[in-house]
Q: 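Input: one structure, supplied below.
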Amino acid sequence: MAVNATSVTWFMVNPRVEVLSCDKEGSSNPKYSRLNGSSLLILDLRLQDEGFYGCKVCSEMADPPAHIQLKIASGPHNITFQISPTNILPNGTHYTSRGSQLNFSCSSYSSPEPTNTIAFHVGNQSELFDSQNTSMLNFSLTNVAPNYQGNYTCTVVNPLSKKTRDYTIPLLVYHPPAYAMGCSVNYTGVPSQFSLTCYWLGGYPAPQLQWENDGKILSNGTLDTLLVTLNSSEYTDKPKPTCKGQHTITNEIKVDTCNVHLGYPNLQSHALRTCIKGENVTLSCSVFGANPPAVITWLRNVSNPNVEVRSGAKYQIVQIGNDSFLTIVNCSKEEDEGNYICKSENGVATKEIYIWLDVTTPHNIVGLVSAIMILFLVVVALITGTVLYCDPQIYIKANPFRKGESEVLVLVESEEEEEMQQVGDSVVNTPYTDAEPSTPAVANGNIYKHEVLFHSPPDNISSDLLSEVSEETEGEHLEEDF
């Protein structure tokens, strides 16, 4: 400090101690010395040197107020950060198990008293747990969850010098897998090859997994997903590959298993399909019992053997679940007739089924149907005409196929010959008219006797026959008179 005086003295208050006397270049304490005549130089500063300092001209009798305060910053250093109870790996990483309670303690030496902070960091995110102006900070975390796995940092800042020190401890939270173990089998796309996948997710650290089949170890490793690729040649009768898993946390061991059933693909389809030329036809193919799921492809065996059919303008392939449909557009006998192959592969086995497509020329369906209808109508007309002509219940005026001048066959009934004869005489002597004749009596609903009567003989009858009939009729009348 510089003053406008040739000689000054320096003192420290509380308690008052003169550190530099008047008219003396030095002090009894070598750490204090005069600089530039009026300034005070302090060497090897210690915390004890902190306090209030004043100066005055040597000619002054009273001490002026001390107006200079000296603060000394120290630290932070000797930082100690602990997380307990935990276990420590060889690389220094701490680990605990899910649900445990942890105590955090951070201490350091600093003057003045530092700002002490404990924070959690994971990735680019941070969470402040506690922060206080103290040399020792304690904090507790209960029911530790897996998402509290990360880095924990104790940060100490000297408020005077702004000097910062920190201490970081990585913490792992062990916990068994949260999900059940799962197994699957998949077709790799390579003929006679498939893959087995075993997964046990949600645990830390990763579990130990091992694939076995019939007591033979196929593959193993410490990871949450284990994949092994096999050839169908390794497929034995009734195989059942099994995956075994084990997860260990200190003395806590958890085990689980899963297995898969391998199955051949079985195909089902119609062996023969028919298509009318120029129309569309759909071939279907179904696969069942396949594990892993099978891939269905269509092949042609027409002009070029076993050529794969691909979707386009001519062929349309649609697969719904385990059913595949091949639609052939505008089928022709020359290009499309022949064998089609439905092929199914799943790595375990390959199966094929043949379908024969027969392409036929369309017939004149309309003409055929028309001919059948006409024939049917003709038959109905013949049957109707026959019934109208031959039915004895139908009389002359109801029959359109007979003329009024034609002979009529009349069926009559009688119980006695005299009544029949009288009716016959009346009919012979009565000219033909359109009037409906009286109905003869019916005996008990049955016809007992018949007589055929002719009315108005036709014009084309021969004269000789007519004369003979007349003579016989006259002879009968004479016999009746006698």
Q: Keeping Arg273 on the side-chain end and Ile355 on the backbone end, is there a donor-acceptor pair under 3.5 Å?
A: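 Pair absent, no side-chain N/O of Arg273 close to backbone of Ile355.
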
Q: Output all residues satisfying ring-ring contact (aromatic ring centres under 6.0 Å, His included) with Phe288, sequence neighbours left out; order by chain, then residue number.
A: none

Q: Contact between Thr153 and His121 at the side-chain level, heavy atoms closer than 4.5 Å - yes or no?
A: yes

Q: Please check: side-chain N/O of Thr9 versus main-chain N/O of Leu20, any donor-acceptor pairing under 3.5 Å?
A: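 Yes, because the side chain of Thr9 sits within donor-acceptor range (under 3.5 Å) of the backbone of Leu20.
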
Q: Quick check against the 3.5 Å criterion: does Asn29 have a side-chain atom that pairs as donor or acceptor with the backbone of Tyr32?
A: no

Q: Evaluate Glu127 against Gln125 for side-chain hydrogen bond (donor to acceptor under 3.5 Å, both in side chains), listing each step before the verdict.
A: CA-CA 7 Å; Glu127 180 180 354; Gln125 298 180 351; over 6 Å; no

Q: Can you confirm whether Pro177 sits close enough to His247 that some side-chain heavy atom of one is under 4.5 Å from a side-chain heavy atom of the other?
A: yes

Q: So does Asp256 pair up with Lys244, basic N to acidic O under 4.0 Å?
A: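 Salt bridge absent between Asp256 and Lys244.
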
Q: Working to the nearest 0.5 angstrom, can you tell me the gap between Leu209 CG and Leu227 CG?
A: 11.5 Å

Q: Just by modelled atom types, is the Asn280 backbone N or O under 3.5 Å from a matching donor or acceptor in the Asn330 side chain?
A: no

Q: Does Gln149 reach the main-chain N or O of Val173 with its side chain, forming a donor-acceptor pair under 3.5 Å?
A: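 Side chain of Gln149 to backbone of Val173, a donor-acceptor pair under 3.5 Å: yes, one is there.
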
Q: Between the side chain of Asn291 and the main-chain N/O of Tyr264, is any donor-acceptor distance below 3.5 Å?
A: no

Q: I'd like to check Phe52 versus Ile68 (side-chain heavy atoms, cut-off strictly below 4.5 Å). Are they in contact?
A: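 The answer is no; the side chains never approach within 4.5 Å.
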
Q: Rounded to the nearest 0.5 Å, what's the gap from NE2 on His77 to OG on Ser108? Could you check?
A: 8.5 Å

Q: Out of curiosity, Ser140 OG to Asn138 CG, how far, rounded to the nearest 0.5 Å?
A: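 One finds 7.5 Å between OG of Ser140 and CG of Asn138.
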
Q: Quick check for you: to the nearest 0.5 Å, what is the distance between Cys106 atom SG and Gln132 atom CD?
A: 11.5 Å

Q: Within the 4.5 Å heavy-atom criterion, are Ser269 and Cys342 side-chain neighbours or not?
A: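 Contact flag for Ser269/Cys342 side chains = no.
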
Q: With distance as the sole criterion, is a donor-acceptor pair present between the side chains of Thr117 and Ser131 under 3.5 Å?
A: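 Note: Thr117 and Ser131 side chains meet the donor-acceptor criterion.
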
Q: Under 4.5 Å between any side-chain heavy atoms of Trp211 and Pro241, yes or no?
A: yes

Q: Could you go through Glu337 and Trp356, starting from their C-alpha distance and side-chain angles, then the distance that decides it, and tell me whether this counts as side-chain contact (heavy atoms from CB on, under 4.5 Å)?
A: CA-CA 8 Å; Glu337 186 175 68; Trp356 176 266; 4.2 Å; yes

Q: Spell out, as yes or no, whether a donor-acceptor pair under 3.5 Å connects the side chain of Asn158 to the backbone of Gly75.
A: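 Present.
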
Q: Is the number of heavy atoms from other residues, nucleotides or ligands under 6.0 Å of Ile276 CD1 greater than 12?
A: no

Q: Is it the case that over 12 heavy atoms from other parts of the model lie below 6.0 angstrom from the CD atom of Gln69?
A: yes

Q: Looking at side-chain heavy atoms only, is the closest gap between Asn186 and Ser184 below 4.5 Å?
A: yes

Q: Can you confirm whether more than 12 heavy atoms, excluding those of Tyr167, are under 6.0 Å from its OH atom?
A: no

Q: Can you check whether Ala349's main-chain N or O pairs, donor with acceptor, with Ser232's side chain at less than 3.5 Å?
A: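 No: the side chain of Ser232 does not pair with the backbone of Ala349.
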
Q: Are more than 12 heavy atoms, taken from residues, nucleotides or ligands other than Asn91, located less than 6.0 Å from that residue's CG atom?
A: yes

Q: Within the structure provided, determine whether Thr257 and Val255 are in side-chain contact (heavy-atom separation under 4.5 Å).
A: no

Q: Can Glu279 and Lys277 be counted as an ion pair, charged N to O under 4.0 angstrom?
A: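 Salt bridge: no.
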
Q: If you measure only the distance, is there a donor-acceptor pair under 3.5 Å linking the side chains of Thr115 and Asn133?
A: yes

Q: Flag the pair Tyr53 / Ile42 as yes when at least one side-chain heavy-atom distance between them is below 4.5 Å, and no otherwise.
A: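 Result yes, sub-4.5 Å side-chain heavy-atom pair found.
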
Q: Tyr148: what forms a ring-ring contact (aromatic ring centres under 6.0 Å, His included) with it, not counting sequence neighbours?
A: Phe120

Q: Tell me whether Arg34 contacts the main-chain N or O of Ser21 through its side chain, where contact means a donor paired with an acceptor under 3.5 Å.
A: yes

Q: Applying side-chain hydrogen bond (donor to acceptor under 3.5 Å, both in side chains), run through Glu212 and Thr242 and close with a yes or a no.
A: CA-CA 5 Å; Glu212 299 179 359; Thr242 302; over 6 Å; no

Q: Looking just at side-chain N and O atoms, do Thr188 and Gln193 make a donor-acceptor pair shorter than 3.5 Å?
A: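 On atom types as modelled, these side chains qualify, holding a pair under 3.5 Å.
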
Q: Side chain of Lys254, backbone of Thr248: donor and acceptor closer than 3.5 Å?
A: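 Checked: no pair found.
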
Q: Please report the interatomic distance CG(Leu267) to CD1(Ile353), rounded to the nearest 0.5 Å.
A: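 With rounding to 0.5 Å, CG (Leu267) is 6.0 Å from CD1 (Ile353).
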
Q: Evaluate Tyr315 against Arg300 for side-chain hydrogen bond (donor to acceptor under 3.5 Å, both in side chains), listing each step before the verdict.
A: CA-CA 11 Å; Tyr315 303 102; Arg300 291 186 61 196; 3.0 Å; yes

Q: Just verifying a value: how many Å separate Asn346 CG and Tyr187 OH, rounded to the nearest 0.5 Å?
A: 8.0 Å

Q: SG-SG distance between Cys198 and Cys183 under 2.5 Å?
A: no

Q: Quick check on Glu352: does its CD atom have over 12 non-hydrogen neighbours (other residues, nucleotides or ligands) under 6.0 Å away?
A: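 Correct, the count exceeds 12.
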
Q: Can you list the steps and then say if Ser286 with Asp323 is a side-chain hydrogen bond (donor to acceptor under 3.5 Å, both in side chains)?
A: CA-CA 4 Å; Ser286 301; Asp323 301 322; 2.6 Å; yes

Q: So, Lys31 and Asp49, do they make that salt bridge, N to O below 4.0 Å?
A: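 Between Asp49 and Lys31 there is a salt bridge, with a charged N closer than 4.0 Å to a carboxylate O.
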
Q: By the definition side-chain contact (heavy atoms from CB on, under 4.5 Å), identify the one residue from Pro176, Cys258, Pro207 that meets it with Trp200.
A: Pro207

